[in-house]
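Accompanying notes for the structure given below.
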Number of protein chains: 4
Amino acid sequence: MLTVIKKKDLRKQQILQAAIDVFGKSNFQSASISEIAQKANIAEGTIYQYFKNKEDLFFSIPAQKTESFCDELDLHIEGIHDAFNKLRKLTWYYLYFFKTNPDYARILMLEMRVNKSFFKSRTFGKVQVFNDKVLEIIKEGQEENFIRNDMKGHVIREVLLGFLEHRVTRWLLKEEKYDLLANYGEIFDLVFNGIKSPNAERRHM
Amino acid sequence: MLTVIKKKDLRKQQILQAAIDVFGKSNFQSASISEIAQKANIAEGTIYQYFKNKEDLFFSIPAQKTESFCDELDLHIEGIHDAFNKLRKLTWYYLYFFKTNPDYARILMLEMRVNKSFFKSRTFGKVQVFNDKVLEIIKEGQEENFIRNDMKGHVIREVLLGFLEHRVTRWLLKEEKYDLLANYGEIFDLVFNGIKSPNAERRHM
Amino acid sequence: MLTVIKKKDLRKQQILQAAIDVFGKSNFQSASISEIAQKANIAEGTIYQYFKNKEDLFFSIPAQKTESFCDELDLHIEGIHDAFNKLRKLTWYYLYFFKTNPDYARILMLEMRVNKSFFKSRTFGKVQVFNDKVLEIIKEGQEENFIRNDMKGHVIREVLLGFLEHRVTRWLLKEEKYDLLANYGEIFDLVFNGIKSPNAERRHM
Amino acid sequence: MLTVIKKKDLRKQQILQAAIDVFGKSNFQSASISEIAQKANIAEGTIYQYFKNKEDLFFSIPAQKTESFCDELDLHIEGIHDAFNKLRKLTWYYLYFFKTNPDYARILMLEMRVNKSFFKSRTFGKVQVFNDKVLEIIKEGQEENFIRNDMKGHVIREVLLGFLEHRVTRWLLKEEKYDLLANYGEIFDLVFNGIKSPNAERRHM
DNA sequence: AATGAATGAGAATTCATTCAT
DNA sequence: AATGAATGAATTCTCATTCAT
């Protein structure tokens, strides 16, 4: 029984990997099931034994990828005790992960992130796990009084993740011609200290 | 002669408006030429007298919209003499514009911004006009010593525009259920002052 | 009145010449009225003032061309008194004409000659003028006892014209890469003397 | 496995036959895929599982037909030992074949034979097989000193095939109103003995 | 469980022709 | 007489999905 389940899972992984390859090179509408089947060395019909339809297969990609992303992230953060260094590490790992998974990056940033149905899909829940993790660290930072307390944690998170997403997106659109990690320090600096001149006074709107 | 030109322009506008309606409700691939023609009350073939093909029509939308966006923006900024207030006004107008043009917002943020071909298209040049304008103001701010000088202007711009784009995108994905302008002060505050606690020291990576 | 007629005729010629250019480069179905209009420097609609429709324009080409072909041929044959030399000259002029009018050659050989409607069209009559001329010469040859008398003139004509058409067609399909006139003597020799060895006896089927 | 291959081949034949019917009645551009599908009692899409596109289907017709033509021809020629009788039989079979396959005749003579792309297509190679066969027989005839040796074999072939093609073409354009085989002896006689009067001397140009 | 042949709806684009100006 | 904007029918090809084997 166990081996059967494993076998099924293996086949699913195999299809999912082919899907990442294919969707990553084009986009949801242009990518074809037949191409994915070919890449996975199976018949087209077989895909429908594991996924309800094309959209189901597509949305299953981030569900699986987020899981491995989070697992790995946990390992990197383990042992770090202050929120500042946790966020720094997280920033680094975030960029490192997409740099080393450009196909998936394209799928997530240029397709999913911009797709209303994805946010309503079941699989979106799994992606939220990461967001929750970030929020937790930010709240820690607020408790440690290193992150401002006059705004809710999720607003703070939006600034950080929004800017990270933006960076990765630009990099993809520039066809990955430069090193995504090159000046990642800059990013955190800007988000942390803001764009204001150090000798300028704090100002609000 | 003049009236003929005007007439042709009018027809083009009419098609462009129908295209915004239709593309705004779905997306490039799903939207159909026949639907656009129907909405514009013309025959399908007529569209091809004014635009080379579907993509040309699609990419012509931001070309036209950016122009009117910039013209209007100029009026709003006129008379403001310091970079801080210019940026504040720009931030406000940016959000105001997309709040009042949600169909176009969807086209620009969820389709164009994520489309490699768009960045290579001729029409992209027209969109750059706005980006140039923002860079100019930021450089002013750096000269006025209100924006940090240790980073290049276009990096600063990326933080601001990246976050604005992110905000608009979220709002669209949440189906415009809240007021995009509601707490726009927050945005500028975060970008300007950063996420760090006021009493925390400046830190870098 | 006369000048008006001439003006009309001139315009017709202008369109016809553009049509030869355009139809000669592609084929009836692929060629477009708009391209012809462009080449003739007139509006599309104007063509319909001079020709009933696309087919009418198309079929009008050989009508006009055959006329000038025959006029010229008459000049070349004038003064020649025996059928042998008349046929020899005709063969030469036939190849010379198509060599110097390749666009028209393509239209006549690759399109018209193979088009059932053309043979039924009014304009086909004008093309027959040439055929009649050839038949006349052949009959002369038969009377002079230089061409065999055991077959009807039009059968003889078919051999000659059939082979000429075939030669021109091959040349066009080979993209005019060799000189159509190069070994035209060969053609007449073969048609006249047949393919049999000189010392072989005459044989029939 | 064998039956599967046979089944696929059968389906291909079925489509090819429908294509001959339809292309034979009109022409490449006018014939529609939907009509062919209808005639073959299959869905339009199915055609594209067996042929790359309309042109591929079109060009596949002579590839297949030539094969069966050549096979049959071989049977007819087998046992004939001299080139004269071989050519006589070939002439007869050529006309017989097209008389009994008028749809295909129309496709080959009125469409293919006049189509530049066809001569460049891969399928044209298969048609060449027949031409090679004819050349071989002609060379035999030259060795047997029954066909003239002062000209290359392929020039001789051109006269024969050119005239045969011409005859079939005329017959098709006259809407097959007479018997193509009726006086086929005439053809060979003319090609063999030439149009010159028997008592006229051999003359060249 | 796996296959892959068959489906058939769907969409962009072209272009001859018309007709109001 | 000349224009050229508008038309809208017509057609190829793609591809997700099904289902009999």
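Sequence lines set the chain letters: A, B, ... in the order given, protein chains first and strands last, and positions in each chain run from 1. Note that the coordinates shown come from a computational prediction; the quantities given were computed from them, not determined experimentally. Hydrogens, waters and symmetry mates are skipped; everything else that's a heavy atom, side chains included, is used.
- Each of Ser30(D) and Tyr50(C) was matched to the nucleotide of DNA chain F holding its nearest heavy atom; the match closer to the 5' end belongs to Tyr50(C).
- Listed by chain and number, the residues in a salt bridge (charged side-chain N to carboxylate O under 4.0 Å, His left out) with Arg11(A) amount to none (sequence neighbours excluded).
- No engagement by Phe51(B) is indicated, since no non-hydrogen atom pair under 4.0 Å with the nucleic acid exists.
- Note on Thr46(C): a side-chain N or O is less than 4.0 Å away from OP1 or OP2 of dT3(F).
- Of the residues near DNA chain E, Ala43(D) and Ile42(A), the one whose nearest nucleotide (by heavy atom distance) lies more toward the 5' end is Ile42(A).
- Applying the salt bridge (charged side-chain N to carboxylate O under 4.0 Å, His left out) criterion to Glu175(A), with sequence neighbours excluded, gives Lys177(A), Lys120(B).
- Straight-line distance from the CG atom of Leu10(B) to the P atom of dA5(F): 15 Å, rounded to whole Å.
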Scan nucleotides 17-21 of chain E against the protein and return all N/O pairs shorter than 3.5 Å with their distances rounded to 0.1 Å.
unit_1  : atom_1 : unit_2   : atom_2 : d
dT17(E) : OP2    : Tyr48(C) : OH     : 2.9
dT17(E) : OP2    : Lys54(C) : N      : 3.0
dT17(E) : O4     : Glu44(C) : OE1    : 3.4

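- Under the side-chain contact (heavy atoms from CB on, under 4.5 Å) criterion, Ser68(D) pairs with no residue, sequence neighbours left out.
- Listed nucleotides: dA16(E), dA6(E), dA16(F). Nearest to the side chain of Ser32(A): dA16(F).
- Of all non-hydrogen atoms in Ser30(A) and Gln29(B), the two that sit nearest each other are OG-NE2, 3.6 Å.
- Residue pairs satisfying the salt bridge (Lys or Arg N to Asp or Glu O under 4.0 Å) criterion with at least one member in residues 13-22 of chain B, sequence neighbours excluded, are absent.
- Residues meeting the ring pair (Phe, Tyr, Trp, His ring centres under 6.0 Å) test with Phe124(C), sequence neighbours left out: Phe118(C), Phe119(C).
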Just distance, no hydrogens or angles: give the donor-acceptor pairs under 3.5 Å from side chains in residues 38-52 of chain C, sequence neighbours left out.
unit_1   : atom_1 : unit_2   : atom_2 : d
Thr46(C) : OG1    : Ala43(C) : O      : 3.4

Contacts table for residues 102-112 of chain C: side-chain donor-acceptor under 3.5 angstrom, sequence neighbours left out:
unit_1    : atom_1 : unit_2    : atom_2 : d
Asp103(C) : OD1    : Lys25(C)  : NZ     : 2.9
Asp103(C) : OD1    : Arg106(C) : NH1    : 2.9
Asp103(C) : OD2    : Lys25(C)  : NZ     : 3.0
Arg106(C) : NH1    : Gly24(C)  : O      : 2.6
Arg106(C) : NH2    : Glu176(C) : OE1    : 3.3
Arg106(C) : NH2    : Glu176(C) : OE2    : 3.4
Glu111(C) : OE1    : Phe28(C)  : N      : 3.4

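- Counting heavy atoms from C-beta outward, Leu16(A) and Leu57(A) have side chains that approach closer than 4.5 Å.
- The CG-P distance, from Asn41(A) to dA2(E), rounds to 14 Å in whole Å.
- If you take CD1 of Ile47(A) and C1' of dA1(E), they are 15 Å apart, rounded to a whole angstrom.
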### Query
In dot-bracket notation, what is the pairing pattern of DNA chain F, taking Watson-Crick (N1-N3 plus N6-O4 or O6-N4) and G-U wobble (N1-O2 and O6-N3) contacts under 3.5 Å, with [ ] crossing and | for other strands?
.||||||||||||||||||||
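- Across all strands, Ala31(B) comes closer than 4.0 Å only to sugar-phosphate atoms, never to a base (heavy-atom distances).
- Residues passing the side chain to side chain donor-acceptor pair (under 3.5 Å) test with Ser32(D) are Ser34(D), sequence neighbours excluded.
- Residue Phe58(D) contributes atom CZ, which lies 13 Å from atom P of dT12(F) at whole-angstrom precision.
- One finds the CD1 atom of Ile15(A) at 11.5 Å from the CD1 atom of Ile61(A) (value rounded to the nearest 0.5 Å).
- Atom-to-atom, CD of Gln29(D) to P of dT12(F) comes out at 10 Å; the value is rounded to the nearest Å.
- When rounded to the nearest whole Å, the span between CD of Glu35(D) and C1' of dT12(F) equals 14 Å.
- For the contact set between residues 13-25 of chain B and DNA chain E, defined by any heavy atom under 4.0 Å, there are no members.
- Partners of Glu67(D) under the side-chain contact (heavy atoms from CB on, under 4.5 Å) rule, at least two apart in sequence or in another chain, are Lys126(D).
- In this structure, the CD atom of Gln38(D) is 13 Å from the P atom of dG8(E), given to the nearest Å.
- The interatomic distance linking Arg11(B) (CZ) with dA5(F) (P) rounds to 11 Å, in whole Å.
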